[in-house]
Structure formats: C-alpha cells, structure tokens
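In what follows, a single structure is set out as structure tokens and then discussed.
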Amino acid sequence: FFSERCIMLTSKIDGFTRLMRSFSPLAVLERGYAIIKKGDKLIASIKDVKREDIINVRLKDGEIGAEVI
C-alpha cells in the first residue's frame with residue numbers, strides 16, 4: 001500500500017512539475033514566441049510603442065535590437 005501511494009504521489013509531483021515548466025517564460029520562447037521590451041518596460045500592445053522607438057526582442061536563442069517603423 002505504501003509503495004503504491006508513493007508511486008502515485010511521485011507521478012502527481014512529476015505532472016505538476018511539467019505543468020509549471022510549461023508556463024515558464026523560457027518555455028514560451030521555445031514555442032516561438034518573443035518577449036519585447038522598450039527599456040525596462042514590457043510591450044504588450046502596439047499602443048506601447050511609437051515610430052522610431054528602439055525595442056529589444058528576446059527570442060529563444062538570444063536578443064536583437066530593432067527600431068519601430
């Protein structure tokens with residue numbers, strides 16, 4: 001009984017661990033999304049930038065700078 005319960009609890013913990021990792025910002029980047037910032041501020045809307053603003057785009061394998069056109 002004890003070993004079956006341990007196996008069940010270990011399985012649940014493994015499932016929760018996988019779920020938490022899937023919500024990690026790095027995991028999101030691995031799926032092809034990007035994190036865009038202007039200075040220290042996250043850009044969540046087109047309203048957050050204007051023409052000629054300099055932004056940073058973080059992808060899964062690094063960052064690039066860009067200018068809004």
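What you see is a predicted model; the values in this text were computed from it and never measured.
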Closest approach of [X] to [Y] (non-hydrogen atoms, all atoms of both residues):
X     : Y     : answer
Ala34 : Val57 : CB-CG1, 3.8 Å
Ile64 : Leu59 : CD1-CD1, 4.5 Å
Ile35 : Pro25 : CD1-CB, 4.3 Å

Legend entry - Ile43, Asp53, Ile54 screened by side chain to side chain contact (heavy atoms under 4.5 Å, CB included) with Val68, the one that passes: Asp53

What's the spacing between [X] [atom1] and [Y] [atom2] if we round to 0.5 Å?
X     : Y     : atom1 : atom2 : result
Leu26 : Lys60 : CG    : NZ    : 12.5 Å
Lys50 : Glu52 : NZ    : CD    : 9.0 Å
Lys41 : Ile55 : NZ    : CD1   : 12.5 Å
Glu4  : Met8  : CD    : CE    : 9.5 Å

Inset, instruction - Could you walk me through whether Lys37 and Arg58 pass side chain to side chain contact (heavy atoms under 4.5 Å, CB included), step by step? - result: CA-CA 8 Å; Lys37 288 182 160 186; Arg58 178 154 183 204; over 6 Å; no

Inset, instruction - Taking Arg31 for its side chain and Ser22 for its backbone only, find out whether a donor-acceptor pair lies under 3.5 Å. - result: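 Confirmed, Arg31 side chain pairs with Ser22 backbone.
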
Inset, instruction - Output yes when a side-chain donor or acceptor of Ser11 lies under 3.5 Å from a complementary backbone atom of Ile7, and no otherwise. - result: no

Inset, instruction - Might you confirm whether atom CD1 of Ile46 has over 12 heavy atoms from other residues, nucleotides or ligands at distances under 6.0 Å? - result: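 Not buried by this count: 12 neighbours or fewer within 6.0 Å.
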
Legend entry - Side-chain ion pair, Lys38 and Asp48, N-O less than 4.0 Å: no

